[in-house]
2 protein chains.
Amino acid sequence: MGQNGAGVNLETSLGYLLKEASNALRVAMEEVLRPLGMSVTHYSCLELLAQRPGLSNSELARGAFVTRQSMNVLLQALERDGYVTRPAEAPIGKALPARLTPRGRRSLEKATAAVRAVELRMLAGMTETQQSDASRLLKSMIDSLHSSDEAT
Amino acid sequence: MGQNGAGVNLETSLGYLLKEASNALRVAMEEVLRPLGMSVTHYSCLELLAQRPGLSNSELARGAFVTRQSMNVLLQALERDGYVTRPAEAPIGKALPARLTPRGRRSLEKATAAVRAVELRMLAGMTETQQSDASRLLKSMIDSLHSSDEAT
DNA sequence: CAATCTATGTCAGAATACTGACATGGGTCA
DNA sequence: TGACCCATGTCAGTATTCTGACATAGATTG
């Protein structure tokens, strides 16, 4: 049915290809994170905190591409389970800087290794030049998409 | 807080960049589809049917990167509202070939134009050569990620 | 031919993310 | 200074998607 493989227009669409690649990456990440009892958003939050300690809930949300409400639910769970700590009062404004606990750092280790392996697998067959080409092209697309949002 | 812009490692990760680009595209599509009362999955389903009439529920699900259960919910709503038709009985197997109604085709028109405009905006600033480069690189990543799934 | 395997459609419940709303802290500016 | 605007944290309800499960149709295989 639907003679699959007969690309009509979707195969030539960079937008569709982008979604396909992103989906393949997400599926691959879920696959390796599931045995560790971790979702992609869960991992993203921990990785962000490892690389930029003190990020606030809203900043983590933007970094993980979810709403701050969703991230808040996750952060509260992570705090309750001892992976993350936040001060009771904000040092400035209302933003509460979050930090990984030793336990959080420990739980992140295996996940980071697993995700790095996935990324390496994705990059297999690409030269360093091609990788930086891809990086530049993706950044161009991101910039173009963002530029007209501001023009409100 | 978190001195944004100080890329530590995420900015150099192609995986993160891929997710960022895909997210920017999704947000931009939601923006133009919302006035039309259409979600991205909703649009994807209609566009797939326009380009490949007769696709089954499961095939549409794979094409839109959701589960067949999710697509089934959507398809039932689309059928109820007269955008899509499916035969009462499967001509072969259990797969029910879906087709757009004239109403479905009509509702897709504006959406297609809007989405095409978004994609053109995304591609602004890229030469044709760069676009085919991007296409090739994305396909390489997709292939690499899929290849080891089969090795189960 | 019978058993097994794979793919499909569908129902039900759980998990996840989102929209809406409110109060608060801080910066802007007239 | 006071009014306004923006960002943040958080609560509540809604929506969407996913996981689990079951029955069925066709293909495969012994």
Practice task
Any chance you could lay out the side chain to side chain contact (heavy atoms under 4.5 Å, CB included) test for M122(B) and V118(B), step after step, and finish with the verdict?
Solution key: CA-CA 6 Å; M122(B) 179 177 80; V118(B) 168; 5.6 Å; no
Which whole-number value in Å describes the distance from [X] [atom1] to [N] [atom2]?
X	N	atom1	atom2	answer
M71(A)	dT8(D)	CE	P	13 Å
L96(B)	dA7(C)	CG	P	18 Å
K94(A)	dC5(D)	NZ	P	19 Å
H42(B)	dT16(D)	NE2	P	11 Å
L74(B)	dA15(D)	CG	P	15 Å
Q69(A)	dC22(C)	CD	P	14 Å
E59(A)	dG9(D)	CD	C1'	13 Å
N72(A)	dG20(C)	CG	C1'	15 Å

Kindly point out which of [options] is positioned nearest to the side chain of [X]?
X	options	result
R34(B)	dG9(D), dT19(C), dC11(C)	dT19(C)
R86(B)	dC18(D), dT17(D), dT10(C)	dT10(C)
T41(B)	dT17(D), dG9(C), dC11(D)	dT17(D)
T67(B)	dG9(D), dT19(D), dT19(C)	dT19(D)

Exercise for the section: Name the residue closer to the 5' end of DNA chain D, choosing between G93(B) and N57(A) according to the nucleotide with the nearest heavy atom. Expected result: N57(A)
Please determine whether a side-chain nitrogen or oxygen atom of [X] lies at a distance below 4.0 Å from atom OP1 or OP2 of [N].
X	N	answer
R68(B)	dA21(D)	no
Q76(B)	dC11(C)	yes
S58(B)	dA7(C)	no
R26(A)	dT17(D)	no

When you compare the side chain of [Y] with that of [X], does any pair of heavy atoms fall below 4.5 Å?
X	Y	answer
L96(A)	N57(A)	no
M38(B)	S107(B)	yes
E47(A)	V115(A)	no
L18(A)	L18(B)	yes

Handout entry: Candidate pair R26(B) and E30(B), rule salt bridge (charged side-chain N to carboxylate O under 4.0 Å, His left out), full reasoning
Key = CA-CA 6 Å; R26(B) 181 183 58 79; E30(B) 281 172 352; 2.9 Å; yes
Exercise for the section: Report the end-to-end axis angle of the helix from dC1(C)-dG30(D) to dA30(C)-dT1(D); each axis comes from five terminal pairs, and the value is rounded to 10°. Expected result: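 The end-segment axes of the helix from dC1(C)-dG30(D) to dA30(C)-dT1(D) are tilted 40° relative to each other.
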Exercise for the section: Kindly say whether P97(B) contributes a backbone atom to a donor-acceptor pair with the side chain of S56(B) at under 3.5 angstrom? Expected result: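 Between the backbone of P97(B) and the side chain of S56(B) there is no qualifying donor-acceptor contact (under 3.5 Å).
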